[in-house]
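Let me begin by presenting the structure, written as structure tokens, before commenting on it.
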Amino acid sequence: MCAVVGVFGVENASQLAYYALFAMQHRGQESTGISSADGERIHLIKKRGLVTEVFHKGRLELLEGSCAIGHNRYSTAGKDSVLDAQPVFAKYKLGEISVAHNGNLSNKFEVRDRLIEKGAIFQTGMDTENIVHLIAKSSQEKLKDRIKDMLTKIEGAYCLIIQSRSKMFVVRDRFGIRPLSLGKLKNGGYIVASETCAFDLVGAEFVRDVKPGEMLTFHKNKEPKSEMIFESDPHPCAFEYIYFARPDSIIGGKTVYNMRLEMGKQLAKETPAKIDLVLPVPDSGVAAAKGYADGMGVPFEMGIVRNHYVGRTFIEPTQEIRDLKVKLKLSPIKDMIKGKSVAIVDDSLVRGTTSLQIVRMLKEAGASEVHMRIASPEIKFPCRYGIDTASKDELISAYKSVEEVCEYIGADSLGFLSIDGLKASLGDDTNYSLVSFDGNYFAGGNEETAGCSSYA
Ligand code: 5GP
Ligand code: MG
């Protein structure tokens, strides 16, 4: 997953990048980094940890200059080295460059092998380093042309923010798989960020989404220049709406919370249940559960309490810790649940770990029946475009039918949103990327290639 931000044309650029990264902490908790450019030099600080752990006032003051780019990295199982923190910085023929990337390049192995064959050396396991190499090796004169040259050699999902000592370049792949928006800062200057929730925090005005296939160039004292590098073929990621993005963010003109409500309502139409109460799996299932309750005309209650001091379960590298963490994180309100038939709604089911634990938890709390409802379709294929859904054999719905998964998690019934129902909820004005559900790898890659953006 990951978050990227670029701030251009303001004195306190690194501070604004810091706030933006803080607002987008949900997109990656493994490591964070900011690089700034002061016209002569690029300064960089990146480390493992949360935004508030890595940056403090003294550190931000070192990041001088009126352009800052930043990144929050999402953990990809077991490969959480500090070397894999971003932005990626390099010195090359034209001087200094720094790159932040959200996405996953589907031809990263071929590109890297070709570069290594020609003698390139790599310091990190990230596909982002391919981008830096391709820019450095390009025979074009100007950085902008080198970037364009590089773009002809990469495939897959990317939102790129590239910084030189005096300019900033922003590119979104032609499918627009990962979100990226442009905002205007109050006292001049611009901000580009993965999610609009970053604009709300720094008081920036939303201008528009960066277009799929578009490149924006930011120069000093000029308006940003827009060019279409590729013909756009929009396929925004449905999973941003289902799970990943913050509910207050607006992607493709749609508020994420409202989309989740719609998915819940649609789910109620498709898989109703005889229930007294609807409970969400907090926090990710809250909006969909509210929609399901509204659709069913049944009370919605926050019957499971979440301990907010434990990180997201998915982040942990090993299965044992993940199981433990679900129990540490969630706890039922017993006298609300005792003797009741309940529907419990989550946004998605990946390995089935969360559902299994929660059904058990609700049964132990005395629920007479537990009906699990998932506000997205069965995940049968690994995403290759920036969501770390690991390998296919970890996806329970890839191998088990709905009935078998229901039996595994121990629920009285299990219902998923259909693919058509998902499309109907999101609106039929757009072709969404539904690769996890339908296995259509339209931007390259396949179910066999590695899912995360790192190499072993
Ligand atoms: P499971 O427990 O079935 O493996 O995963 C389902 C849970 O993980 C759901 O509660 C969902 O909110 C969450 N989830 C789904 N996809 C992702 C992801 O890409 N990253 C993280 N951290 N959590 C996810
Ligand atoms: Mg969840």
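FYI, the numbering just counts along the sequence from 1. Here the structure is a predicted model, which means the values were calculated and not measured. Counting starts at 1 for both ligands and their atoms, following the listed order.
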I'd like to know whether the aromatic ring centres of F244 and Y74 sit less than 6.0 Å apart in this structure. yes
Are the aromatic rings of H235 and F442 close, with centres under 6.0 Å apart? yes
Is the distance between the Mg ion (ligand 2) and the nearest N/O/S atom of T354 smaller than 2.8 Å? no
For ligand 1, which atoms sit closer than 4.0 Å to a heavy atom of S284? 10 (O), 12 (O)
Checking K380 now: which residues fulfil side-chain hydrogen bond (donor to acceptor under 3.5 Å, both in side chains) with it, not counting sequence neighbours? none
Counting from 1, what ligand 1 atoms have a heavy atom of D347 closer than 4.0 Å? 9 (C), 10 (O), 11 (C), 12 (O)
Atoms in ligand 1 with a heavy atom of Y74 nearer than 4.0 Å: 18 (C), 19 (O), 20 (N), 21 (C), 22 (N)
Does any N or O of ligand 1 fall below 3.5 Å from an N or O anywhere on S355, backbone included? no
Of the backbone atoms (N, CA, C, O) and the side-chain heavy atoms from C-beta on, which set of V350 has a member under 4.0 Å from an atom of ligand 1: side chain, backbone, both, or neither? both
Using a strict cut-off of 4.0 Å, indicate which atoms of ligand 1 neighbour a heavy atom of L349. 3 (O)
May I ask you to list the atoms of ligand 1 that are less than 4.0 angstrom from any heavy atom of F239? 16 (N)
For the 3.5 Å polar cut-off, considering only N or O atoms, please tell me whether G352 and ligand 1 meet it. yes
Once you restrict to heavy atoms under 4.0 Å, what part of S348 touches ligand 1? Side chain, backbone, both or neither. both
Heavy atoms from other residues, nucleotides or ligands near CZ of F22 exceed 12 (cutoff 6.0 Å): no
Partner of E30 by salt bridge (Lys or Arg N to Asp or Glu O under 4.0 Å), out of R73, K47, K46, R48: R48
Got a sec: does the CD of E407 have more than 12 other heavy atoms crowding it under 6.0 Å? no
Y19 OH: over 12 foreign heavy atoms closer than 6.0 Å: no
D346 contact mode with ligand 1 (heavy-atom cut-off under 4.0 Å): side chain
Partners of D283 by side-chain hydrogen bond (donor to acceptor under 3.5 Å, both in side chains), sequence neighbours excluded? R306
